[in-house]
Amino acid sequence: RATGARRGVGRRQLNPRILRDCMPPTGHIVPRYVAEPPQGPTPHGRFADRLRAEFLDAVQRLEGIGEPGVLSFFPDRSWHGYTYVPITAETADGLEVYGYVMYSSSSEDAEPTDFAAYADFTDETAERNPDWQLDLCDEVVGSWRGEDGAAAQMTLVWGRALVADGATATAELGEHTVDQCTLMEDCFTLLAPDDFAGGLLEVRLYSESGEELARESLYDDDDNDDEE
(Lines give C-alpha, C1' and ligand atoms only; values in the text may rest on other atoms or scores of the structure.)
Protein backbone atom coordinates (compact mmCIF):
# COMPACT_ATOMS: atom_id res chain seq x y z
CA ARG A 1 0.00 0.00 0.00
CA ALA A 2 1.29 3.45 -0.87
CA THR A 3 2.26 5.52 2.15
CA GLY A 4 2.16 8.96 0.58
CA ALA A 5 -0.57 11.54 1.12
CA ARG A 6 -3.91 10.78 -0.50
CA ARG A 7 -4.79 12.78 -3.58
CA GLY A 8 -6.12 16.16 -2.60
CA VAL A 9 -5.61 15.53 1.10
CA GLY A 10 -2.68 16.74 3.17
CA ARG A 11 -0.68 14.33 5.30
CA ARG A 12 -2.24 13.82 8.73
CA GLN A 13 -0.61 15.46 11.72
CA LEU A 14 -0.27 13.24 14.79
CA ASN A 15 -1.52 14.64 18.05
CA PRO A 16 1.52 15.32 20.28
CA ARG A 17 -0.46 14.13 23.28
CA ILE A 18 -1.01 10.74 21.64
CA LEU A 19 2.72 10.45 21.00
CA ARG A 20 3.46 11.21 24.65
CA ASP A 21 0.94 8.58 25.83
CA CYS A 22 2.29 5.79 23.60
CA MET A 23 4.01 2.95 25.44
CA PRO A 24 7.00 0.97 24.19
CA PRO A 25 6.68 -2.77 23.51
CA THR A 26 6.54 -4.90 26.64
CA GLY A 27 9.03 -7.61 27.49
CA HIS A 28 6.27 -10.03 28.52
CA ILE A 29 3.05 -10.46 26.58
CA VAL A 30 0.22 -10.98 29.08
CA PRO A 31 -3.41 -11.70 28.11
CA ARG A 32 -5.56 -8.85 29.41
CA TYR A 33 -9.33 -8.31 29.23
CA VAL A 34 -9.81 -11.42 27.09
CA ALA A 35 -13.44 -12.05 28.15
CA GLU A 36 -16.49 -10.06 27.13
CA PRO A 37 -18.01 -7.99 29.96
CA PRO A 38 -21.35 -9.16 31.39
CA GLN A 39 -24.01 -8.92 28.69
CA GLY A 40 -27.22 -9.01 30.67
CA PRO A 41 -28.95 -8.83 34.03
CA THR A 42 -29.21 -11.70 36.50
CA PRO A 43 -30.86 -14.69 34.77
CA HIS A 44 -34.59 -14.93 35.29
CA GLY A 45 -37.64 -16.74 33.94
CA ARG A 46 -37.30 -19.85 31.80
CA PHE A 47 -33.62 -19.27 31.14
CA ALA A 48 -32.90 -19.19 34.88
CA ASP A 49 -34.89 -22.42 35.22
CA ARG A 50 -32.69 -24.05 32.56
CA LEU A 51 -29.49 -22.92 34.26
CA ARG A 52 -30.83 -24.10 37.62
CA ALA A 53 -31.67 -27.54 36.23
CA GLU A 54 -28.25 -27.94 34.61
CA PHE A 55 -26.42 -26.93 37.79
CA LEU A 56 -28.51 -29.08 40.12
CA ASP A 57 -27.91 -32.05 37.84
CA ALA A 58 -24.17 -31.55 38.41
CA VAL A 59 -24.73 -31.10 42.16
CA GLN A 60 -26.53 -34.46 42.34
CA ARG A 61 -23.26 -36.19 41.48
CA LEU A 62 -21.77 -34.91 44.74
CA GLU A 63 -22.27 -37.03 47.85
CA GLY A 64 -22.98 -36.19 51.46
CA ILE A 65 -23.50 -32.46 51.09
CA GLY A 66 -27.18 -32.02 51.99
CA GLU A 67 -29.96 -30.49 49.97
CA PRO A 68 -28.95 -27.23 48.22
CA GLY A 69 -31.00 -24.15 48.99
CA VAL A 70 -31.68 -21.05 46.90
CA LEU A 71 -29.22 -20.61 44.04
CA SER A 72 -27.33 -17.34 43.62
CA PHE A 73 -26.40 -16.34 40.07
CA PHE A 74 -23.33 -14.23 39.31
CA PRO A 75 -22.61 -12.00 36.27
CA ASP A 76 -21.95 -13.86 33.02
CA ARG A 77 -18.63 -13.76 31.19
CA SER A 78 -17.97 -15.02 27.64
CA TRP A 79 -14.69 -16.36 26.26
CA HIS A 80 -13.67 -18.67 23.40
CA GLY A 81 -17.24 -19.03 22.18
CA TYR A 82 -18.74 -20.01 25.54
CA THR A 83 -20.62 -18.04 28.16
CA TYR A 84 -20.06 -18.92 31.82
CA VAL A 85 -22.67 -18.23 34.51
CA PRO A 86 -21.27 -18.92 38.00
CA ILE A 87 -23.62 -20.17 40.72
CA THR A 88 -23.43 -20.84 44.46
CA ALA A 89 -25.85 -22.16 47.08
CA GLU A 90 -25.81 -23.09 50.73
CA THR A 91 -26.78 -26.65 51.65
CA ALA A 92 -28.81 -28.10 54.49
CA ASP A 93 -25.57 -29.46 56.03
CA GLY A 94 -23.95 -26.02 56.25
CA LEU A 95 -21.73 -26.44 53.20
CA GLU A 96 -21.58 -24.35 50.06
CA VAL A 97 -21.91 -25.76 46.57
CA TYR A 98 -20.31 -23.71 43.84
CA GLY A 99 -19.67 -23.97 40.14
CA TYR A 100 -20.95 -22.72 36.83
CA VAL A 101 -23.09 -23.48 33.81
CA MET A 102 -21.53 -22.88 30.40
CA TYR A 103 -23.22 -22.71 27.02
CA SER A 104 -22.57 -21.54 23.48
CA SER A 105 -24.59 -19.35 21.14
CA SER A 106 -23.73 -18.36 17.60
CA SER A 107 -25.20 -14.86 17.93
CA GLU A 108 -26.96 -12.58 20.39
CA ASP A 109 -30.38 -13.67 19.12
CA ALA A 110 -29.62 -17.39 18.78
CA GLU A 111 -30.84 -19.92 21.30
CA PRO A 112 -28.06 -21.15 23.63
CA THR A 113 -26.81 -24.68 22.97
CA ASP A 114 -24.17 -27.11 24.24
CA PHE A 115 -25.00 -26.67 27.93
CA ALA A 116 -22.58 -28.15 30.46
CA ALA A 117 -22.19 -27.67 34.20
CA TYR A 118 -19.51 -28.04 36.85
CA ALA A 119 -20.11 -28.25 40.60
CA ASP A 120 -18.05 -28.78 43.75
CA PHE A 121 -18.47 -27.98 47.43
CA THR A 122 -16.57 -26.51 50.37
CA ASP A 123 -16.95 -26.10 54.12
CA GLU A 124 -15.05 -22.78 54.01
CA THR A 125 -17.92 -20.30 54.02
CA ALA A 126 -18.21 -16.59 54.76
CA GLU A 127 -20.31 -17.36 57.83
CA ARG A 128 -17.42 -19.37 59.30
CA ASN A 129 -14.87 -16.69 58.41
CA PRO A 130 -16.16 -13.33 59.68
CA ASP A 131 -12.81 -11.69 58.90
CA TRP A 132 -13.24 -12.17 55.14
CA GLN A 133 -13.72 -9.07 53.02
CA LEU A 134 -14.24 -10.96 49.77
CA ASP A 135 -15.96 -14.31 49.37
CA LEU A 136 -14.30 -15.91 46.32
CA CYS A 137 -14.66 -19.06 44.22
CA ASP A 138 -12.43 -19.96 41.29
CA GLU A 139 -11.98 -22.63 38.66
CA VAL A 140 -9.58 -23.01 35.73
CA VAL A 141 -11.55 -23.09 32.45
CA GLY A 142 -8.75 -23.14 29.88
CA SER A 143 -5.25 -22.02 29.03
CA TRP A 144 -3.55 -19.29 27.04
CA ARG A 145 -0.25 -20.15 25.37
CA GLY A 146 2.44 -17.52 25.45
CA GLU A 147 6.01 -17.39 24.25
CA ASP A 148 8.60 -20.15 24.75
CA GLY A 149 6.02 -22.70 25.85
CA ALA A 150 4.70 -20.66 28.79
CA ALA A 151 0.98 -21.11 29.48
CA ALA A 152 -1.41 -19.09 31.61
CA GLN A 153 -4.17 -20.83 33.52
CA MET A 154 -7.29 -18.97 32.41
CA THR A 155 -9.32 -18.81 35.59
CA LEU A 156 -12.95 -17.98 36.21
CA VAL A 157 -13.24 -16.11 39.52
CA TRP A 158 -16.57 -15.14 41.00
CA GLY A 159 -17.40 -13.67 44.35
CA ARG A 160 -19.25 -11.31 46.60
CA ALA A 161 -18.05 -8.16 48.32
CA LEU A 162 -18.46 -8.42 52.09
CA VAL A 163 -17.55 -4.78 52.74
CA ALA A 164 -19.65 -1.75 51.90
CA ASP A 165 -19.34 0.70 48.99
CA GLY A 166 -17.68 -1.65 46.49
CA ALA A 167 -18.17 -0.68 42.83
CA THR A 168 -15.60 -2.55 40.74
CA ALA A 169 -13.57 -5.74 41.17
CA THR A 170 -10.29 -6.20 39.33
CA ALA A 171 -7.99 -9.13 38.65
CA GLU A 172 -4.30 -8.37 39.19
CA LEU A 173 -1.42 -10.45 37.86
CA GLY A 174 1.79 -8.99 39.23
CA GLU A 175 1.93 -5.39 38.02
CA HIS A 176 -0.79 -5.92 35.40
CA THR A 177 -4.52 -5.36 35.77
CA VAL A 178 -5.86 -8.16 33.57
CA ASP A 179 -9.64 -7.93 34.02
CA GLN A 180 -12.36 -6.00 35.80
CA CYS A 181 -16.10 -6.25 36.47
CA THR A 182 -18.68 -3.80 37.74
CA LEU A 183 -20.49 -5.19 40.79
CA MET A 184 -24.10 -6.32 40.39
CA GLU A 185 -25.81 -6.56 43.79
CA ASP A 186 -22.34 -6.90 45.40
CA CYS A 187 -21.46 -9.79 43.03
CA PHE A 188 -18.81 -9.95 40.31
CA THR A 189 -17.20 -12.37 37.87
CA LEU A 190 -13.70 -12.19 36.44
CA LEU A 191 -11.91 -14.30 33.82
CA ALA A 192 -8.18 -13.82 33.94
CA PRO A 193 -4.77 -15.49 33.56
CA ASP A 194 -3.15 -17.03 36.61
CA ASP A 195 0.30 -18.44 37.38
CA PHE A 196 1.93 -16.69 34.43
CA ALA A 197 4.91 -14.40 33.82
CA GLY A 198 5.99 -14.85 37.43
CA GLY A 199 2.69 -13.63 38.84
CA LEU A 200 -0.20 -15.16 40.79
CA LEU A 201 -3.74 -13.87 40.54
CA GLU A 202 -5.11 -11.45 43.11
CA VAL A 203 -8.58 -9.84 43.33
CA ARG A 204 -9.05 -6.25 44.45
CA LEU A 205 -12.19 -4.28 45.26
CA TYR A 206 -12.52 -0.56 44.56
CA SER A 207 -15.09 2.11 45.37
CA GLU A 208 -16.59 4.43 42.76
CA SER A 209 -13.94 7.01 43.64
CA GLY A 210 -11.13 4.51 43.03
CA GLU A 211 -10.30 3.83 46.68
CA GLU A 212 -9.06 0.30 47.30
CA LEU A 213 -11.37 -1.39 49.81
CA ALA A 214 -10.11 -4.98 49.85
CA ARG A 215 -7.72 -7.41 48.21
CA GLU A 216 -7.48 -11.17 48.28
CA SER A 217 -5.07 -13.67 46.71
CA LEU A 218 -6.39 -16.92 45.25
CA TYR A 219 -3.67 -18.66 47.23
CA ASP A 220 -3.31 -19.34 50.94
CA ASP A 221 -0.13 -18.15 52.62
CA ASP A 222 1.08 -21.75 52.71
CA ASP A 223 0.63 -22.00 48.95
CA ASN A 224 2.70 -18.86 48.42
CA ASP A 225 5.46 -20.29 50.62
CA ASP A 226 5.48 -23.43 48.50
CA GLU A 227 5.80 -21.34 45.32
CA GLU A 228 8.86 -19.65 46.76
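We're numbering straight along the sequence, starting at 1.
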ask   = Do H44 and T42 come within less than 4.5 Å of each other through their side chains, counting heavy atoms only?
value = no
key: Residues in ring pair (Phe, Tyr, Trp, His ring centres under 6.0 Å) contact with W132, at least two apart in sequence or another chain   = none
key: Between CG on residue N129 and CD on residue E127, distance to nearest 0.5 Å   = 9.5 Å
request  = Would you list the pairs meeting side chain to side chain donor-acceptor pair (under 3.5 Å) in which at least one residue belongs to residues 79-91, sequence neighbours left out?
outcome  = S78-T83
Closest heavy-atom pair and its distance - A161, L205 = CB-CD2, 3.7 Å
query = Looking at CG of D135 and SG of C187, how far apart are the two atoms once the value is rounded to the nearest 0.5 Å?
reply = 9.5 Å
key: pair P193-W144: side-chain heavy atoms closer than 4.5 Å   = no
message = Tell me if the CG atom of D165 is crowded by more than 12 foreign heavy atoms within 6.0 Å.
response = no
ask   = So with a 6.0 Å cut-off around CZ of R46, is the heavy-atom count from everything else above 12?
value = no
query = Under 6.0 Å from the CG atom of D148, do we count more than 12 heavy atoms belonging to anything else shown?
reply = no
message = Tell me the closest heavy-atom pair linking V140 and G142, and the distance in Å.
response = CG1-O, 3.5 Å
ask   = Under the side chain to side chain contact (heavy atoms under 4.5 Å, CB included) criterion, do L173 and L200 qualify, and how do the steps go?
value = CA-CA 6 Å; L173 184 72; L200 298 176; 5.6 Å; no
query = For E54 and R50, what are the C-alpha separation, side-chain angles and deciding distance, and is it a salt bridge (charged side-chain N to carboxylate O under 4.0 Å, His left out)?
reply = CA-CA 6 Å; E54 294 285 346; R50 177 64 188 272; 3.0 Å; yes
query = How many angstroms lie between CD1 in I29 and CD in E147, if you round to the nearest 0.5 Å?
reply = 4.0 Å
note = Residues pairing under side chain to side chain donor-acceptor pair (under 3.5 Å) where one sits in residues 199-208, two or more places apart or in two chains, turn out to be E202-R204, S207-S209
query = How would you list, by chain and number, every residue that makes a side-chain contact (heavy atoms from CB on, under 4.5 Å) with R61, sequence neighbours excluded?
reply = D57, A58
Residues that Y33 engages under side-chain contact (heavy atoms from CB on, under 4.5 Å), provided they are two or more places apart = T177, D179, Q180
Crowding at CD, E212 (>12 non-hydrogen neighbours, <6.0 Å) = yes
request  = Check each of T155, V178, D138 against D194 using the side-chain contact (heavy atoms from CB on, under 4.5 Å) test, and report the only one that passes.
outcome  = T155
ask   = Between T189 (side chain) and P75 (backbone), is there a donor-acceptor pair under 3.5 Å?
value = yes
request  = Please check if any side-chain donor atom of D76 sits under 3.5 Å from a side-chain acceptor atom of Q39, or the reverse.
outcome  = no
task = Would you give the length of the straight line joining atom CG of L201 to atom CG of D195, rounded to the nearest 0.5 angstrom?
result = 10.0 Å
request  = Please round to the nearest 0.5 Å and tell me the distance separating atom CG of L191 and atom CD of E139.
outcome  = 11.5 Å
inquiry  = For Y118 and Y98, take the angle between the two ring planes, folded into 0 to 90°, and tell me which bin it lands in: parallel under 30, tilted 30 to 60, perpendicular over 60.
reply    = perpendicular
inquiry  = Looking at every heavy atom in both R160 and F188, which two are closest together, and how far apart are they?
reply    = N-CE2, 3.9 Å
key: ILVMFWY network linking L218 to L162, side-chain heavy atoms under 4.5 angstrom   = no
inquiry  = I need the minimum non-hydrogen distance between L134 and A214, along with the two atoms involved.
reply    = CG-CB, 4.2 Å
Side-chain ion pair, R52 and D49, N-O less than 4.0 Å = yes
note = For L156 and P86, the nearest pair of non-hydrogen atoms, with its separation, is CD2-CG, 4.1 Å
ask   = V163 and L190: same hydrophobic cluster, using ILVMFWY side-chain contacts below 4.5 Å?
value = yes
note = Nearest heavy-atom approach of R77 to P38 is CD-CD, 3.7 Å
key: Residue pair L213 / Q133, side-chain heavy-atom distance below 4.5 Å   = no
task = Starting from L62, walk the hydrophobic network (Ile, Leu, Val, Met, Phe, Trp, Tyr; side-chain heavy atoms closer than 4.5 Å) and list everyone else you reach, by chain and number.
result = F47, L51, F55, L56, V59, I65, L71, F73, V85, I87, L95, V97, V101, Y103, F115, F121
